[in-house]
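These notes are about the structure you will find just below.
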Amino acid sequence: MTRYIFCTGGVVSSVGKGVTAAALGRILKARGLKVAIQKLDPYLNVDPGTMSPYQHGEVFVTVDGAETDLDLGHYERFIDENLSRNSNVTAGQVYAEVINKERRGDYLGGTIQVIPHITNEIKRRILQIPKETGAEIVLVEVGGTVGDIESLPFLEALRQMRSDIGRKHTFYIHVTWLPHLGATNELKTKPTQHSVRELRSIGIQPNMIVARSDYEVDQELCEKIALFCDVDEQAVVPMVTTKIIYEIPLNMEKLGIGDYLMKGLKLKERRKPTWRTWTRLTKETRRKKPEVEIALVGKYVELQDAYMSVKESVKHAALSLGVDAKINWVHSSDLERDRSWEPVGNSNGIIVPGGFGDRGIEGKIMAAQLARENKVPYLGLCLGMQLMVVEFARNVLNEEFANSTEFDPATPYPVIDLMPDQRGVTDMGATMRLGLYTCDLRPGTIAVEAYGRKRVEERHRHRFEFNNAYRSVFEAHGMRFSGINPDNNLVEIAELKDHPFMVGSQFHPEFLSRPTRPHPLFVAFLKAVCNRAGVQTPADNHKEILLQN
Ligand code: GLN
């Protein structure tokens, strides 16, 4: 019988529910159990693919090509399992499904209502997960904050699950925030008490409260929360903000949460958790290491969540090489406005990540030029690859007006163009080239050297591609197309011949990087950065982490 752990949030949003759920998943997986995680998002968009990153942060892409919430990235990095499109359910999907059924006549004669029709559809989607994954434990995180109007149907569905599948098989965790009052230097529990009261008024009594805080939480405070919110003292878990998120499962384990959960769900552990790799990982993170600086030239840099997986991938790769990587967040529009390299500063490497729309494009092209001319290591991710190609056309092939047709539909030199199957696509939602595609690597290239394999599969999210009409002229001038999709001959990786590391990928390698398995392209890029910075790296360090995993 599958067990379900439901995580709700209280007091404020962005309290860290996603990382909490991911860390709990790791704790259970460490006991040999098969774990799956699902995120329920109460907004009405069908998926976050059509939302601005300013609204929502990064769009994480799954193997099967779903555009999902960035929390799925945390889940995959913590539990190291590939999740599917069913792992992210939005209110938009639920309503669309129910309304489609109604139009088909499936409910003929009936009045369609939030309860039971919407709640049943939510439950159906939760119950689908163990069928699809064989998971013994499903962690379900509900987005938003208790008290939001739009999350009510989701909370009602979770409440019903307790009676549907039984008390023994469900466990409710409420993640809240303890505000700190500067004047009296104390943490306050009242908002937590109110939030739990709100949750109870919906019919859910939490089994555990995770109390997030920027300050140490003392025992007395935990006792107070336990008393007012009617949970065991042991089940009040203080979770102090840490810069090193991969420490969270270890901290939770120390507080005895794993054992408490197992007992609460009447589960037997298959093996004793050892935490060897994770302890090593976090010790290594804390160790003072030589630092290298990387400029990330993007459009949404004020909101770093928009580049969550890129940020994490840099961390993983740096860690595996025994260095710290500091990211200098550079606004591409600033480069464009000031026509100056200054914001890139002391950086010994440049990343141009993915993006859409023409704001700041010229600044990113400048960054590519800087990297090419000064032999600064450059990693272009999707749009970053496309702009590296545009820069090359303009400044090496002397085609001043070369561009991507995304930004100049009338360009006389369209080196990046809409993919044929994208022509005539009018709907914006879920219509890009999405998910896993194969890439064959050409011998003798930086790419094949980095991967150490001839064929890889990577995740995609784009509409435009390299225009193959220009392939030979690019090759004649020093660009190599080191990764090609074998099915449609699409360029997947481009790199420069006479450059220590100027590589762009049409796909998003950042979605595959894991703390204990850094992505080969990021590792190779970081190595080039270290070389330029004159920092020595124990070359095989990351392999060691791999072996211990
Ligand atoms: N806008 C570009 C395209 O659609 C790049 C997309 C991206 O960077 N994810 O092809």
Side-chain angles (χ1 to χ4, degrees), residues 47-54 56-63 65-68 70 72-73 296-301 303 305-311 313 332 350-365 367-368 378-391 393 402-409 411 414-437 439 458-468 470 483 485 488 490-494 503-513 519 521-522:
D47 63 43
T50 53
M51 271 186 238
S52 156
Y54 282 130
H56 190 268
E58 167 186 276
V59 173
F60 187 79
V61 180
T62 54
V63 169
E67 298 172 276
T68 69
L70 61 75
L72 271 79
L296 188 144
V297 182
K299 170 178 173 184
Y300 310 104
V301 292
L303 184 80
D305 276 9
Y307 304 109
M308 181 67 84
S309 294
V310 178
K311 204 168 72 174
S313 304
S332 48
I350 295 176
I351 296 180
V352 177
F356 298 84
D358 56 10
R359 181 165 61 88
I361 286 300
E362 293 301 323
K364 292 180 185 171
I365 295 175
Y378 175 99
L379 181 62
L381 309 170
C382 203
L383 179 64
M385 172 268 197
Q386 299 177 352
L387 296 180
M388 159 185 158
V389 164
V390 171
E391 189 280 327
N403 215 330
S404 159
T405 52
E406 180 177 5
F407 313 118
D408 179 7
T411 170
V415 284
I416 303 292
D417 201 6
L418 202 61
M419 287 183 282
D421 54 4
Q422 286 288 324
R423 293 178 210 278
V425 170
T426 49
D427 280 1
M428 297 301 278
T431 53
M432 284 188 242
R433 180 175 182 243
L434 289 164
L436 219 56
Y437 287 93
C439 166
E458 294 276 358
R459 300 187 196 181
H460 297 69
R461 181 174 186 244
H462 64 119
R463 292 187 201 281
F464 293 80
E465 62 167 325
F466 180 81
N467 185 344
N468 276 335
Y470 297 100
N485 177 292
N488 56 12
L490 200 94
V491 169
E492 293 281 2
I493 309 178
V503 179
S505 66
Q506 186 53 80
F507 50 80
H508 292 271
E510 67 269 26
F511 296 140
L512 290 186
S513 180
H519 192 284
L521 283 184
F522 278 89

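One-based numbering along the sequence shown. Numbering of ligands and ligand atoms starts at 1, following listing order.
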Checklist entry - Sub-3.5 Å donor-acceptor pair from the side chain of Tyr378 to the main-chain atoms of Gly384, do we have one? => result yes
Run the numbers for me: atoms of ligand 1, each under 4.0 Å from some heavy atom of [X], listed by number.
X	result
His508	9 (N)
Gly354	8 (O)
Glu406	1 (N), 2 (C), 3 (C)
Gly355	1 (N), 2 (C), 5 (C), 6 (C), 7 (C), 8 (O)

Does ligand 1 come near enough to [X] that some N or O of the ligand is less than 3.5 Å from an N or O of the residue?
X	result
Arg463	yes
Gln506	no
Phe464	yes
Leu381	no

Checklist entry - What's the spacing between Gln506 CD and His462 NE2 if we round to 0.5 Å? => result 4.0 Å
Checklist entry - Regarding Ser332 and Arg359, is there a side-chain donor-to-acceptor distance under 3.5 Å anywhere? => result no
Checklist entry - When you check the side-chain N and O atoms of Glu58 and Ser309, is any donor under 3.5 Å from an acceptor? => result yes
Checklist outcome for this item: Nearest heavy-atom approach of Thr411 to Asn403 is OG1-N, 3.5 Å
Next on the checklist: Just to confirm my output: which protein heavy-atom neighbour is closest to atom 7 (C) of ligand 1, and how far is it?
Outcome noted: Cys382 SG, 3.0 Å
Checklist entry - Can we say Arg433 and Glu492 salt-bridge, meaning some charged N sits less than 4.0 Å from an Asp/Glu carboxylate O? => result yes
Item to check | Ion pair Asp358/Lys299, N-O distance below 4.0 Å | outcome: no
Item to check | ligand 1-proximal atoms of Arg461, by part, heavy-atom distance under 4.0 Å | outcome: backbone
Checklist entry - Given the rule in the side-chain contact (heavy atoms from CB on, under 4.5 Å) test, do Leu434 and Glu67 qualify, once you have shown the distances and angles that lead to the verdict? => result CA-CA 8 Å; Leu434 289 164; Glu67 298 172 276; 3.7 Å; yes
Item to check | Glu465 touching ligand 1 at heavy-atom level, < 4.0 angstrom | outcome: no
